[in-house]
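What follows is a set of notes on a single structure, which appears directly below.
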Amino acid sequence: MKCKTCCITGGSKGIGAAIAEKLLDSGVQNLILVARDSEKFNKTLNKLTDKKSTKQKIIAIRKDISVHSNVIDLYKEILSTGHNVDVLVNNAGYASPQSIFEVDFDDFQRTININLYAPFLLIQKLLQNKNRFSHIINIASTAGLKGRSGWLTYSASKAALVNMSESLKEELLPLGIRVIAVCPARCATDLRKILSPIEEDPTTIMQPLDVAEVVYMLMSNVGDFISDNHLLVRKT
Amino acid sequence: MITLLLLNGGIGERLGMEKPKAIMRLNGVPLMIYSLHEADKMLEISKIILNYPDGYKDEVESLIKQYAIEKEVIYVEAGKTRQESVYKMLEYVDTKTVLIHESARPNITIDDFKQLLEHEYHNVTQSLPIYSTVLEKKEHTDYIGKIHDRTRLVDIQLPQKFLLEELKEAHNKAKENYSEYTEDASLMFDNGFDVAFTFGKVINFKITTKDHFYMARYLNSIR
């Protein structure tokens, strides 16, 4: 595996935890996992620690990235590990699906903070501090490709993330950094439970590990042949 | 002028919902808001009487405010049955005619209300023809016992229009006889009043199952 060190935000559960698991299985050396402090995060860390070989290292950083100053602390902590982050997976996401009549402005700001500003800051600060990425993978959503009634804050934040990824792809091409937005359709995560107003059988839809396989593919040699600005990932 | 009774009591068990169906989001918008926005366009409607499920008054009131519903809304706690709910709501009506609709049918349009108001009969219910064959099963078995002539049957839908005095009288009679009905055209008819039917639109279906919900979600995203 080309990637020595990978940093994943939103690593406590769902797609983030699945990517972490996939990368450990594939031999990544250092895994930096970022998530809010929670019981779920502890459980995931225990599970991953049981899985890892003696040569592999897992570094947990407990941060709530909805707050600007926490993201600043976060990049400093990442730098202090002494590892160059080869692959950054901006996976942390937040959604509170409400129509324009109901949504609070504060909630919209929180959505943008987590889904757009946090990835932006993390990428910018690491670049400015001479971190050299091989890949930046931003986990967006199909909601970012088409606006949806009732999901306006989430859709808008993910559309911005898709667009930012396109700009970054061009800006960072001369540095040999590959940037791509991955847009999963409905996937069996906690976020999906929030977005779907009625109960659905999670076993019938795409699983986090399916998305993790696609992300891993993007980091592999095959990934070099994917030239799209964003990659739609959907169970057909 | 007329009064609209908007029924919101349904719990949405068949949808696997924990919250009442009326405040369930369809494409992000509470189900009841679809009907209220249509009612807002009807000049003839002077007032809306809305029943709320036990424990949800504040939430329902706050949604009406957030979605800027213009008509005067009166809130009445839902009864144990649909019949009891309507009975309680009738107390607040001060117009000669009432319209009854339910939030679980979000695809209602102003044309449906108008069709009833312009109808020559005072008591009218929307309905649909029966499109499928209807058979009756043999009692206590899974065998077919009887064939029905579907051309003589109608599938009762909402909205409905009734004369207040007659509807009140029918409800009082039903109460005295301890008779329970699942909707008001049956209640009126069974208690001696003529009710006409007129055909509505299939798209104004009631959201009862998950399949209905998915259909409504799709229809409302392309319309």
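In what follows, chains carry the letters A, B, and so on, assigned in the order in which the sequence lines appear, proteins first and then strands, with residues in each chain numbered from 1.
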Exercise. Under 3.5 Å, side chain of S149(A) to main-chain N/O of N27(B), donor-acceptor pair present?
Worked result: yes
Exercise. Is the OH atom of Y143(B) crowded by more than 12 outside heavy atoms at less than 6.0 Å?
Worked result: no
For this session: Give a yes or no on this: more than 12 heavy atoms of other residues, nucleotides or ligands lie within 6.0 Å of atom CD of E136(B).
Result: yes
Problem set entry | With sequence neighbours excluded, residues passing side chain to side chain donor-acceptor pair (under 3.5 Å) with K125(A) | none
For this session: Keeping to residues at least two apart or across chains, list the salt bridge (charged side-chain N to carboxylate O under 4.0 Å, His left out) pairs with something in residues 89-113 of chain B.
Result: K47(B)-D94(B), R82(B)-E102(B), E102(B)-R105(B), E102(B)-K206(B), D112(B)-K201(B)
Exercise. Is atom OH of Y75(A) surrounded by more than 12 heavy atoms (other residues, nucleotides or ligands) closer than 6.0 Å?
Worked result: yes
Seminar exercise, completed: salt bridge (Lys or Arg N to Asp or Glu O under 4.0 Å) filter on E44(B), not counting sequence neighbours, yields none
Exercise. Where is the tightest heavy-atom contact between P30(B) and E102(A), given as atom of each residue plus distance?
Worked result: CD-OE2, 3.5 Å
For this session: Assess whether atom CD1 of I100(A) is packed by more than 12 heavy atoms of other residues, nucleotides or ligands within 6.0 Å.
Result: no
Problem set entry | Residues of residues 50-79 of chain B contacting chain A, heavy-atom criterion under 4.5 Å, by residue number | L63(B), Q66(B), Y67(B)
